[in-house]
Amino acid sequence: MIGRPKLVLASGSPRRVSLINQAGIEPDALRPADLDETPTRGELPRVCANRLARAKADAALAAIGVDDDVYGAYILAADTIVAVGRRILPKAEVIDEAAQCLRLLSGRNHRVYTALCLVTPKRKFRQRVVETRVRFKRLSSEDIDSYLGSGEWRGKAGGYAAQGLAGTFIVKLVGSYSNVVGLPLYETVALFAGEGFPTHFGWLNTV
């Protein structure tokens with residue numbers, strides 16, 4: 001888009017792309033980072049999310065390089081973590097991980113944290129963490145087995161996707177729904193606006 005600063009999204013997540021598009025913002029490039037997202041020993045969920053979002057932003061900044069056509073762009077990175085108490089749940093990659101997550105979440109409250117890291121063209125870093133509280137219904141064996149069979153859990157923090165079938169598991173949600181999906185829209189746009197990014201630029205002729 002001509003007429004506004006360029007934006008790099010430090011993610012390859014279709015969910016984050018869709019959410020930022022929902023806000024009327026189209027990234028000029030995607031620069032996902034290949035990082036080890038394993039929490040450090042004793043690391044708290046909020047701290048872990050913040051660390052990983054900053055690491056993703058740093059990796060995207062390094063990937064741009066001085067000759068890239070998006071040099072000098074704003075960079076947005078995010079990391080989403082699902083936690084029960086201090087316990088950080090994995091981004092489930094195998095079915096046993098997903099099953100363990102679902103059994104742990106069944107009938108309980110948990111928290112979803114998304115850390116945002118915005119890098120401005122002047123290389124100023126702005127970070128914030130958004131927290132949403134979620135309660136699942138008590139899951140039956142049929143609920144769990146059927147959800148595992150859907151495959152929706154793959155690669156999802158906590159082994160579920162709120163925007164899909166697992167939305168039927170949510171009894172109560174306090175805070176940002178888009179945060180649970182992967183990018184808290186209100187806080188993201190507020191972060192952009194605070195650093196001079198024209199958030200309404202793409203709102204014309206969007207329908």
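Predicted model only: the values in this text are computed from it and were never measured.
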Would you please say whether a donor-acceptor pair under 3.5 Å links the side chains of Asp143 and Ser140?
yes
Side chain to side chain, Pro32 and Ser13, heavy atoms closer than 4.5 Å:
no
Contact summary for Pro45 and Gly85, nearest pair of heavy atoms
CG-O, 4.0 Å
If only atom types and distance count, is the side chain of Ser146 paired as donor or acceptor with the main-chain N or O of Glu142 below 3.5 Å?
yes
Does Gly107 offer a backbone N or O that forms a donor-acceptor pair with the side chain of Arg135 under 3.5 Å?
yes
Shortest non-hydrogen pair, Thr168 vs Leu165, comes out as OG1-O, 2.8 Å
Which heavy atom of Ala57 sits nearest a heavy atom of Cys117, and at what distance?
CB-SG, 3.6 Å
For Ala60 and Ile75, work out which heavy atoms get closest and say how close.
CB-CG2, 3.8 Å
Can you tell me how far CG of Asp96 sits from SG of Cys101, rounded to the nearest 0.5 angstrom?
11.0 Å
Could Arg123 and Tyr71 be counted as a cation-pi pair, given that NZ or CZ must be under 6.0 Å from the ring centre and within 45° of the axis?
yes
Which value, rounded to the nearest 0.5 Å, describes the distance between Tyr74 atom OH and Lys124 atom NZ?
10.0 Å
Examine Tyr186 and Leu183 and state if one hydrophobic cluster contains both, with Ile, Leu, Val, Met, Phe, Trp and Tyr joined whenever side-chain heavy atoms are less than 4.5 Å apart.
no
Would you sort out whether Val180 and Tyr160 count as a side chain to side chain contact (heavy atoms under 4.5 Å, CB included), showing the intermediate values?
CA-CA 10 Å; Val180 180; Tyr160 77 93; 3.8 Å; yes
State yes or no: do Phe136 and Leu173 share one hydrophobic cluster built from I, L, V, M, F, W and Y residues joined by side-chain heavy-atom distances below 4.5 Å, directly or via other members?
yes
Heavy atoms, side chains only, cut-off 4.5 Å: are Leu89 and His110 in contact?
no
Would you check, one step at a time, whether the test side chain to side chain contact (heavy atoms under 4.5 Å, CB included) holds for Ile25 with Phe192?
CA-CA 11 Å; Ile25 299 170; Phe192 277 137; 3.9 Å; yes
Sequence neighbours excluded, which residues qualify as salt bridge (charged side-chain N to carboxylate O under 4.0 Å, His left out) partners of Lys122?
none
Between Phe197 and Val17, is there a shared hydrophobic cluster once you connect ILVMFWY residues whose side-chain heavy atoms come closer than 4.5 Å?
yes
With a 3.5 Å distance limit and no angle check, can you tell me whether Thr132 reaches the backbone of Gly175 through a side-chain donor-acceptor pair?
no
Looking only at atom types and distance, does a side-chain atom of Lys6 sit under 3.5 Å from a main-chain N or O of Asp69, one as donor and one as acceptor?
yes
Connected via hydrophobic side-chain network under 4.5 Å: Leu105 and Val181
yes
If you compare all heavy atoms of Arg46 against all heavy atoms of Glu131, which two are closest, and at what distance to 0.1 Å?
NH2-OE1, 2.9 Å
Are any of the side-chain heavy atoms of Arg87 and Leu104 separated by less than 4.5 Å?
yes
Taking Ser106 for the side chain and Leu102 for the main chain, is one N or O donor matched with an acceptor at less than 3.5 Å?
no
Quick one: does any side-chain atom of Glu152 pair with a main-chain N or O of Gly164 as donor and acceptor, under 3.5 Å?
no
With the side chain counted from C-beta on, respond yes when Glu26 and Asp28 share a heavy-atom pair under 4.5 Å apart, and no when they do not.
no
Trace of the side chain to side chain contact (heavy atoms under 4.5 Å, CB included) decision for Val70 with Arg31
CA-CA 11 Å; Val70 287; Arg31 292 291 186 275; 4.2 Å; yes
Sidechain-backbone polar pair: Gln127 side chain, Asn50 backbone, donor-acceptor under 3.5 Å:
yes
Euclidean distance, Arg15 CZ relative to Gln163 CD, rounded to 0.5 Å:
6.0 Å
Is there a path of hydrophobic side-chain contacts, each under 4.5 Å between heavy atoms, that joins Leu30 and Leu116?
yes
Can you tell me how far apart CG (Leu44) and CD1 (Ile81) are? Round to the nearest 0.5 Å.
10.5 Å
Between the CG atom in Asn179 and the CD atom in Glu187, the distance rounded to the nearest 0.5 Å is 7.0 Å
Roughly how far, to the nearest 0.5 Å, is the CZ atom of Arg16 from the OG atom of Ser178?
11.5 Å
Quick check against the 3.5 Å criterion: does Trp153 have a side-chain atom that pairs as donor or acceptor with the backbone of Lys91?
no
Verify, without hydrogens or angle tests, whether Thr199 (side chain) and Val189 (backbone) share a donor-acceptor contact under 3.5 angstrom.
no
Does Leu19 reach the side chain of Thr188, with side-chain heavy atoms less than 4.5 Å apart?
no
Whether over 12 other heavy atoms sit under 6.0 Å from Gln100 CD
no
Taking it one step at a time, do Thr40 and Arg51 satisfy side chain to side chain contact (heavy atoms under 4.5 Å, CB included)?
CA-CA 10 Å; Thr40 61; Arg51 174 179 63 82; 4.1 Å; yes
Using modelled atom types only, decide if a donor and an acceptor are shared between the side chain of Asn109 and the backbone of Arg133 within a distance under 3.5 Å.
no
Considering non-hydrogen atoms only, spot the tightest contact between Ala98 and Leu148 and give its length.
CB-CD2, 3.6 Å
Does the pair Glu37/Lys56 count as a salt bridge with the N-to-O cut at 4.0 Å?
yes
